[in-house]
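I have placed the structure first, in the form of structure tokens, so that the comments after it can refer back to it.
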Amino acid sequence: MITSSALGIIFANVHDNLISELTEKRSMASIPFGGRYRLVDFSLSNLVNAGISKVGIITRENYQSLMDHLGSGKYWDLDRKNGGIFILPPYSSYRMNIFRGHVDALAGIMTFLERSTEEYVVMCDADVVSNIDIEEMIERHKTSGADVTVACKTGKLPLNEKDIMILGTDKDGWVTNIETAEKSQEDVKFSLDIFVIKRELLIDWITSAARKSSVSLTRDVFIPKVGSMKMLAYNVDTFAEVIDSADSYVTISKKLLDPAVRRELFNADRPVYTKTRDDMPTRYGISAVAENSLIGNGCVIEGTVKNSILFRGVNVEKGAVIENCILMQGTKVGKNSILKNVTADKGVFINDGITLIGTDEKYVFIGKGKEI
């Protein structure tokens, strides 16, 4: 891998409203996932593994947690004199208000785009859990002569993504038509909102769209240009899932309990990087039971844990039973408590003898720092 001629852009707050249970005090990008990661780690690692050494993170609100996680970018090898990681402010430069959509957001960082020297821009949202070969995607874009290359997947549509693109393509992968999402039981080819485009072309398109007060890349930029632009679909056949609701967060998280999914997502050739923390190994009591679970460092398990994901520093006391749960960092479960189908945010305290039981269709969500 060599240093790429591309600049990375990540939209940190995309679709925060769709998962308000977990974004009340943080951005979509900083939602914990998989026992030790944040959602931004997947987009950021995809870019870094492609040799991209300059990444802008567009923020909007609730981004303190994200800044704490990213720091100087050293865990992604982005703490460098030339390039590195850039936290981009939430106010657009051409008027002092918070952006409404992708077009607004890009217009607000126009100075950043204009001062950059990279030939290409790779844009991605922070709501996709994937391990995609962005380097190959960029190379395909260059050799094809496309104006835009979009990563896409064939399958059932995410239920709540109203602005997602459904793509019609010819046999060579060129996009011939674009429709916006409608609920459908049929498999379709849909965009993962990961794009490669020439930087100068992006500047031109966004400048023009911003003058018209446009908001959506899909509806206001790409769909009107279907007949005039060359858009190439880059098919992603590996694990790639869109988190667009609290239910999908739980469903996708639980897929990690399958070893085959873990091997595909955490590809040794393209590692997923995250902020590391020095912590002791998890300690198991004499009566502890742990089955088919992902358990982070620093946990203390004295009860029973089955089919669950526990983040760092979770404490499960004697007699407690945890089944089909996601317990985030620092959660403490008291003696003889029973939790089934529960998702607890960071720092939750469950007192002794508490019973909380959800269903596969209706999970119990406990907010950050709550005591039950």
Side-chain angles (χ1 to χ4, degrees), residues 14-26 28 31-35 37 39 42 125-130 153-164 166 181-188 190 192 239-262 265 289-295 303-311 314 316 320-329 331 333 337-346 348-351 353-372:
V14 65
H15 310 313
D16 282 2
N17 60 306
L18 297 181
I19 187 169
S20 56
E21 294 90 339
L22 295 174
T23 56
E24 182 181 358
K25 297 180 179 179
R26 60 166 73 91
M28 173 74 79
I31 290 177
F33 184 84
Y37 301 93
L39 289 185
F42 297 93
D125 292 342
D127 58 351
V128 178
V129 177
S130 67
K153 176 182 177 179
T154 299
K156 296 290 188 299
L157 277 173
L159 292 179
N160 297 311
E161 296 276 19
K162 304 302 183 186
D163 217 26
I164 201 166
I166 300 174
E182 299 291 343
K183 290 185 178 180
S184 172
Q185 298 302 314
E186 302 297 325
D187 284 356
V188 295
F190 63 90
L192 294 171
F239 185 86
E241 299 286 348
V242 178
I243 292 178
D244 68 337
S245 66
D247 289 341
S248 66
Y249 172 82
V250 172
T251 300
I252 294 165
S253 294
K254 289 174 68 175
K255 288 183 179 183
L256 297 187
L257 298 177
D258 182 346
V261 170
R262 293 200 300 273
L265 181 59
V289 175
E291 297 178 2
N292 191 38
S293 297
L294 295 179
I295 300 177
T304 298
V305 179
K306 296 181 179 180
N307 305 318
S308 296
I309 298 174
L310 274 56
F311 286 71
V314 171
V316 179
V321 177
I322 309 298
E323 291 186 18
N324 302 317
C325 292
I326 300 172
L327 306 183
M328 296 187 191
Q329 184 174 331
T331 294
V333 182
S337 290
I338 299 174
L339 273 61
K340 296 183 179 181
N341 295 312
V342 171
T343 294
D345 207 331
K346 293 176 64 176
V348 166
F349 185 86
I350 306 294
N351 284 290
I354 298 296
T355 297
L356 295 172
I357 298 178
T359 66
D360 289 337
E361 292 75 29
K362 188 67 175 178
Y363 254 63
V364 175
F365 274 83
I366 307 174
K368 188 175 182 179
K370 301 289 187 181
E371 180 177 352
I372 303 293

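Ring geometry for Y249 versus F33: interplanar angle over 60°, hence perpendicular rather than tilted (30 to 60°).
To the nearest 0.5 angstrom, I357 atom CD1 is 9.0 Å from N341 atom CG. To the nearest 0.5 Å, atom NZ of residue K362 and atom CG of residue D247 are 7.0 Å apart. Summarising the geometry, atom CG belonging to L294 is positioned 6.0 Å from atom CG belonging to L256; distances are rounded to the nearest 0.5 Å. To the nearest 0.5 Å, the span separating CD1 on I366 from CG on L339 amounts to 6.0 Å. For the atom pair D360 CG and K254 NZ, the distance stands at 5.0 Å (nearest 0.5 Å). Expressed to the nearest 0.5 Å, how far CD1 of I326 lies from CD1 of I309 amounts to 5.0 Å.
D345 and E21 make their closest contact through OD2-O, 4.4 Å (heavy atoms, listed as atom of the first residue, atom of the second, distance). Taking all atoms of both residues into account, the shortest heavy-atom contact from K156 to F190 is O-CE2, 3.4 Å. M28 and L39 get closest at one heavy-atom pair: O-CD1, 3.4 Å. Residues M328 and P32 come closest through the heavy atom pair SD-CG, 3.7 Å. Considering all non-hydrogen atoms of both residues, A246 and F365 come closest at CB-CZ, 3.5 Å. Shortest non-hydrogen contact noted between I19 and S245 is CD1-O, 3.7 Å.
Counting only distance, with no hydrogens or angles, the side chain of T331 and the backbone of K346 share no donor-acceptor pair below 3.5 Å. Under a 3.5 Å cut-off, the side chain of K255 and the backbone N or O of V261 do not form any donor-acceptor pair. Side-chain atoms of T359 come within 3.5 Å of backbone N or O of E361 as a donor-acceptor pair. Judged purely by atom type and a 3.5 angstrom limit, S337 uses its side chain to pair as donor or acceptor with the backbone of I354. No side-chain donor-acceptor contact under 3.5 Å links T23 to the backbone of N17. For the pair S308 (side chain) and C325 (backbone), a donor-acceptor distance under 3.5 Å is present.
A 4.5 Å side-chain heavy-atom check between N324 and K340 finds every atom pair outside the cut-off. Within the 4.5 Å cutoff, the side chain of V242 has heavy atoms near those of the L192 side chain. No side-chain heavy atom of V314 sits under 4.5 Å from any side-chain heavy atom of I322. Between K153 and V128 the shortest side-chain heavy-atom distance does not fall below 4.5 Å. Here the side chains of V348 and L327 are not in contact, with every heavy-atom distance at 4.5 Å or above. When side chains are defined from C-beta on, I243 counts as touching S248, because their heavy atoms get closer than 4.5 Å.
Tested against N292 for a side chain to side chain contact (heavy atoms under 4.5 Å, CB included), the candidates D258, V305, L257 yield a single pass: L257.
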